[in-house]
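Notes follow once the structure below has been shown.
In what follows, every chain begins at residue 1, and chains take the letters A, B, ... in the order their sequences are listed. Worth saying up front: this structure is predicted, and the values here are computed from it rather than measured.
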Protein chains: 2
Amino acid sequence: MIDEAQMQLFRLQAEICKTMADYKRLMILHELREGEMSVGQLVSNLDLPQANVSQHLSILRERGIVTARREGTSVYYSLANHKIGQACDLVQEVLADQLARNQALANSLGERK
Amino acid sequence: MIDEAQMQLFRLQAEICKTMADYKRLMILHELREGEMSVGQLVSNLDLPQANVSQHLSILRERGIVTARREGTSVYYSLANHKIGQACDLVQEVLADQLARNQALANSLGERK
DNA sequence: TATTAATATACTAATATGCTAATATTATAA
DNA sequence: TTATAATATTAGCATATTAGTATATTAATA
């Protein structure tokens, strides 16, 4: 019957999912899995506008998914929790399964005489 | 430098995350992890309006996260992929880590003289 | 065939999200 | 202190998402 406290947990869980529910942020997380990286590096690796990268980093920061460290004028970001990367991997596996299923479907279509 | 094909994969990955980025859908998935369940059962377990549950189920269905099976006038839903549940678990662990960190922070605040 | 039960869909208003362009902040260096 | 580099923030707009209400569909039964 789900009580109010548990609902609140689901809300928080949804917040984390929302944070990962944007392809640009997923690309940023992907980059950060290689290790800490400055905003400028992200901008040039991902070829996105600086302001846009900052906005996404700010969202990731607010929700505790990444941490920031300043060094001179540069700010270096890293993943706050290794499990974030693992969660991304799992979602990618789900996606791979879906694509494989579609592939199989397409093949069986092709085989029809 | 991320090519177009990889970007497309990140977009699809984001779609899956979006699907899990709503607390009502997370509650539905939570229920379905127990096993297949009809719309009516979900409605009564979650205490949500029927139309709203149907809408969320339709989103989950479209994105291949759940599957539906009709039996008479009832429709039974189940998780399409066990890994979805595992991904939810991981996100919950991330959340638990975050809450634990906040808890520790709160404690250290309380300990200050 | 008319009725009822279970589920799905269409429409709409409210809210949230993401993007661009411009501007502000922070830290270093001249 | 002025200038510059790196990053962050803000405003405004377009689009997307959500929830409620009403209605439609589907299947079983009288």
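The two residues B/Ala80 and B/Thr67 come nearest to each other via the heavy atoms CB-CG2, 3.8 Å. The two atoms that bring A/Leu9 and B/Leu95 nearest to each other are O-CD2, 3.7 Å, heavy atoms only. Taking all atoms of both residues into account, the shortest heavy-atom contact from A/Ala68 to A/Val75 is CB-CG1, 3.8 Å.
For B/Arg25 (side chain) and B/Lys18 (main-chain N/O), a donor-acceptor pair under 3.5 Å exists by modelled atom type.
Inter-residue side-chain proximity for A/Arg101 and B/Asn81 is flagged as met; some heavy-atom pair is nearer than 4.5 Å. For the pair A/Lys24 and A/Leu46, the minimum side-chain heavy-atom distance is 4.5 Å or more. At least one side-chain heavy atom of B/Lys83 sits less than 4.5 Å from a side-chain heavy atom of A/Asp97. Side-chain atoms of A/Val43 and A/Val39, non-hydrogen and from C-beta on, do get closer than 4.5 Å to each other. Between B/Met27 and B/Asp47, every side-chain heavy-atom pair lies at or beyond the 4.5 Å cut-off. Side-chain contact between B/Leu42 and B/Leu57 is present, with at least one heavy-atom pair separated by less than 4.5 Å.
Remark: of the listed residues A/Gln41, A/Glu36, A/Arg69, A/Arg61, A/Arg61 is the sole one forming a side-chain hydrogen bond (donor to acceptor under 3.5 Å, both in side chains) with A/Tyr77.
Look at A/Asp89 and A/Arg33 and you find a salt bridge, because one of the NZ, NE, NH1 or NH2 atoms lies within 4.0 Å of a carboxylate O, short of that distance.
Sorted by residue number, the members of residues 32-54 of chain B with any non-hydrogen atom under 4.0 Å from DNA chain D read B/Pro49, B/Ala51, B/Asn52. The stretch residues 13-25 of chain B does not touch DNA chain C, since none of its heavy atoms comes less than 4.0 Å from the strand. Residues from residues 55-64 of chain B placing a heavy atom under 4.0 Å of any atom in DNA chain C, listed by number, are B/Gln55, B/Arg61.
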Would you please test B/Leu32 and B/Ser78 for side chain to side chain contact (heavy atoms under 4.5 Å, CB included) and show each step? CA-CA 6 Å; B/Leu32 293 184; B/Ser78 3; 5.8 Å; no

Given side chain to side chain donor-acceptor pair (under 3.5 Å), test A/Glu15 with A/Thr19 step by step and report yes or no. CA-CA 6 Å; A/Glu15 285 305 303; A/Thr19 307; 5.8 Å; no

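Screening residues 11-38 of chain A for ring-ring contact (aromatic ring centres under 6.0 Å, His included) gives A/His30-B/Phe10 as the qualifying pairs, with residues at least two apart or on separate chains.
Within 4.0 Å (heavy atoms only), A/Tyr77 reaches sugar-phosphate atoms of the nucleic acid but no base atom.
When DNA chain C is scanned in the 5' to 3' direction for atoms under 4.0 Å from non-hydrogen atoms of chain B, the outermost contacting nucleotides are C/dA6 to C/dA10.
In the helix from C/dT1-D/dA30 to C/dA30-D/dT1, the end axes, each obtained as the rotation axis mapping the C1' atoms of four pairs onto the next four within a five-pair block, lie 0° apart to the nearest 10 degrees.
Residue whose closest nucleotide on DNA chain C sits further toward the 5' end, between B/Arg70 and A/Arg70: B/Arg70.
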